[in-house]
Amino acid sequence: MAEQSRHGGAGERSGIAIVGGSVAGVAAADAARRAGYQGPVWLIDAQPHEPYDRPPLSKQALSPATAADSAEPSSYRLREPEHWQRLGITLRTGVAATSLDVAGRRIRLADGTQYACQAIVLAPGAQPRPLPFPVDDVPVHVLRGLGDARALAAALRRARRLLVVGAGFVGLEVASAARAHGVDVTVVEIAPAPLAPLIGGPAAGYLLARHQAAGTAISCGRSVRAVHRQGAELVALLDDGTELTADTVVAGIGVRPATDWLNGSGIELTDGIVADERLRAGADGIYACGDAVRWTNPLYGQAMRIEHWTTAREQGERAGTNAALFAMTGQPGQVFTHVPYVWSDQLGLKLQFVGRRLPGSVTVVERSDEGSHVSTHWFNGQLVGCTAINSPKDAMLARRTIQTRCLDDPNPASPPATRGDGLD
C-alpha cells in the first residue's frame with residue numbers, strides 16, 4: 001500500500017510509526033491493533049519487499065530440495081497481503097528512516113516524508129558486522145536478507161569447496177546445507193567448540209562430533225587473518241599460518257544493531273538502543289524491540305540484547321501494545337519479562353536453547369546418547385538455562401520452569417550486562 005503524503009503539522013500528532021518491517025515490527029503493528037488503537041499505523045522498512053521471515057533463509061532456502069527461484073518474498077512472507085488492508089496498516093517499503101526527533105516524536109524518511117506521531121516503535125534490526133580481515137577483491141557471502149540467500153543458494157549449487165568463517169547458528173546451518181549439496185566444507189571458529197559460549201561445552205562437543213561425522217572439517221580456536229585470490233582459488237590465511245583453499249567463502253561472524261541513523265537523535269545507543277523494562281527508549285511514547293534493543297529484563301535482573309526470532313516477536317508484541325496504550329491513555333504500559341528461546345535445524349538435528357548461561361553458572365549433562373542430548377545450566381542453585389538437542393519437551397519444560405521460578409524469585413544474581421549473541 002503506497003503512502004506518499006506528509007503527516008502531522010508542527011503542533012499535531014497522529015498515528016503510530018513503526019520503523020522496521022521484520023518480525024518485531026510486524027508483531028508491534030498487529031499488537032497495536034489488538035490493543036484497540038484506531039488511529040493510523042505506518043510500518044516503515046527500507047527493503048522493497050513485503051515483510052518476510054528470516055529463519056528460513058539459512059534453512060529451507062539453501063536446501064538442495066528447494067527450487068532455484070524460491071527465495072522470493074512471497075515464499076516466506078510474514079502476513080498475507082490482505083492482512084494489512086484488513087487491519088488498516090499502511091506499509092511504507094523501499095524507503096528508509098533517516099532521522100528521529102525525540103522531543104517532537106517525529107520520524108523523517110529518505111523521501112522527505114515526515115510523521116509526527118502519538119507513539120513510535122523502533123525495530124530497525126541488525127546488519128552483518130564488517131569483516132575483521134582484508135579480502136581484496138574476493139567475494140565473501142553473508143546471509144541476512146533475501147538477496148543474500150539467493151546469491152548463496154546459487155553459489156552452493158556450483159561450489160566444490162566452501163569455507164565458513166564463524167560457527168554460530170547461521171554458519172553451522174550453512175555448513176549443513178552445503179554438505180547436503182555434496183560440497184566439501186571447512187569451518188573456522190575462534191571459540192573452543194561451536195556455540196560453546198551460548199549452549200555450554202558438553203552440547204557444543206556433541207554438535208562438533210556430529211558435524212565432523214558428516215564430513216565437515218571444523219578448525220576451532222583459530223581466526224582468519226586474510227583472504228586472497230591465488231589463481232582460480234581463494235586462499236584464507238589463519239592466525240597460526242595455516243592456509244586453507246576454497247572456491248566459495250561465507251562469513252557468519254554475527255551482526256550489529258542497525259542504528260547509525262539514530263546517532264545524534266538523543267536516543268541512548270550502547271550496544272544497541274538502550275531501553276527500560278517496559279521497552280521505553282529513554283523518552284515517553286518511544287519504544288524499541290527486536291535485534292537492535294538492549295533492555296532490562298526483570299526475569300534475570302540484567303540488561304541484555306538478544307538476536308533471536310522468538311525474542312523479537314514477543315518484544316514486538318509488548319512494544320506495540322505499550323505504544324498503543326501510551327497513544328490512547330498516556331500510560332507507559334507493562335514490563336517485558338522474557339525467557340529467551342532459540343532453535344536451529346542442522347544435519348537433521350533440532351537444537352533448542354532456552355534461558356541464559358550466566359557468568360559463573362554450572363552445566364549439568366542430563367542425558368547424552370546417539371539420538372539426543374540435554375544439558376541444564378544452574379546459577380546459585382537455580383535453573384537458568386537448558387540446551388536440548390532432539391528433545392523439544394525438555395526445552396519447553398525448562399522454559400516454563402524458568403519463567404515460573406523467575407516470577408516467584410526474580411533477579412537471581414544481577415550479573416553483568418549481556419551483549420547480543422549474533423545468532424538466528
Side-chain angles (χ1 to χ4, degrees), residues 23-24 27 55 168-169 195-204 206-207 272 275-279 289-291 293-319 321 334-345 349-368 372-424:
V23 61
F169 283 170
L195 294 170
L198 178 72
I199 67 176
Y206 184 95
L207 203 59
D276 67 10
E277 67 277 5
R278 288 179 169 81
L279 300 176
C289 56
D291 293 357
V293 65
R294 181 174 174 266
W295 99 107
T296 301
N297 187 348
L299 290 190
Y300 286 85
Q302 69 173 159
M304 55 179 65
R305 183 174 67 81
I306 300 174
E307 297 155 2
H308 299 163
W309 187 95
T310 301
T311 301
R313 178 179 57 79
E314 294 181 5
Q315 275 183 343
E317 291 173 353
R318 175 53 55 202
T321 300
Q334 298 181 1
V335 300
F336 177 63
T337 56
H338 177 68
V339 178
Y341 166 74
V342 61
W343 82 95
S344 177
D345 298 320
L349 304 173
K350 170 70 74 173
L351 168 63
Q352 296 168 290
F353 179 80
V354 302
R356 308 295 283 175
R357 287 184 64 245
L358 301 178
S361 63
V362 175
T363 295
V364 176
V365 177
E366 306 289 349
R367 182 176 73 255
S368 189
S372 64
H373 173 97
V374 178
S375 296
T376 52
H377 313 292
W378 302 80
F379 191 91
N380 285 350
Q382 296 178 336
L383 180 68
V384 293
C386 175
T387 306
I389 300 175
N390 285 352
S391 190
K393 289 183 178 180
D394 286 281
M396 294 302 98
L397 176 60
R399 194 177 193 220
R400 288 195 299 270
T401 300
I402 296 168
Q403 178 84 21
T404 301
R405 189 270 301 161
C406 286
L407 290 175
D408 293 338
D409 181 20
N411 194 8
S414 294
T418 302
R419 298 178 68 86
D421 295 317
L423 304 173
D424 194 34

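One is the number of the first residue; the rest follow in order along the sequence.
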Parallel, tilted or perpendicular: rings of Trp343 and Trp309 (30°, 60°): perpendicular
CD1 on Ile402 to SG on Cys386, rounded to 0.5 Å: 7.0 Å
Straight-line distance of Thr337 OG1 to Gln403 CD, nearest 0.5 Å: 5.0 Å
Partner set under side chain to side chain contact (heavy atoms under 4.5 Å, CB included) for Ser368, not counting sequence neighbours: Tyr206, Val365, His373
Exercise: identify the closest heavy-atom pair between Ala312 and Val23: CB-CG1, 3.6 Å
Side-chain heavy-atom pair Thr296, Asp276 within 4.5 angstrom cut-off: no
Any donor-acceptor N/O pair, Thr387 side chain to Ile199 backbone, under 3.5 Å: yes
Sidechain-backbone polar pair: Tyr300 side chain, Val384 backbone, donor-acceptor under 3.5 Å: yes
Min side-chain heavy-atom separation Leu358-Asn380 under 4.5 Å: no
Distance in Å, Arg367 CZ paired with Asp394 CG, rounded so as to fall on 0.5 Å steps: 5.0 Å
Side-chain donor or acceptor of Asp345 paired with backbone N/O of Lys350 under 3.5 Å: no
Taking every non-hydrogen atom, the tightest pair across Phe336 and Asn297: O-OD1, 4.1 Å
Side-chain touch Leu195/Phe353, heavy atoms, less than 4.5 angstrom: no
Minimum side-chain heavy-atom gap Met304-Thr311 below 4.5 Å: no
Interatomic spacing from CG in Asn390 to CD in Gln352 - rounded to 0.5 Å: 9.0 Å
Shortest non-hydrogen separation from Gln334 to Arg278 and the atoms involved: O-CG, 3.5 Å
Stepwise salt bridge (Lys or Arg N to Asp or Glu O under 4.0 Å) check, Glu314 with Arg318: CA-CA 6 Å; Glu314 294 181 5; Arg318 175 53 55 202; over 6 Å; no
Evaluation steps, side-chain contact (heavy atoms from CB on, under 4.5 Å), between Val342 and Ile306: CA-CA 10 Å; Val342 61; Ile306 300 174; over 6 Å; no
Exercise: identify the closest heavy-atom pair between Val354 and Ala398: CG2-CB, 3.9 Å
Val339 side chain reached by Arg400 side chain, heavy atoms, under 4.5 Å: no
Residue that, paired with Cys289, satisfies side chain to side chain contact (heavy atoms under 4.5 Å, CB included) out of Glu317, Arg313, Gln315: Gln315
Flag, side chain of Arg357 to backbone of Pro197, donor-acceptor distance under 3.5 Å: yes
All side chain to side chain contact (heavy atoms under 4.5 Å, CB included) counterparts of Glu366, not counting sequence neighbours: Val364, Val374, Thr376, Trp378
Smallest separation among heavy atoms of Ser375 and Ala203, with atom names: OG-N, 4.3 Å
Min side-chain heavy-atom separation Trp295-Val335 under 4.5 Å: no
Contact summary for Arg356 and Pro340, nearest pair of heavy atoms: CD-CG, 3.7 Å
side-chain contact (heavy atoms from CB on, under 4.5 Å) between Tyr341 and His308, worked out: CA-CA 7 Å; Tyr341 166 74; His308 299 163; over 6 Å; no
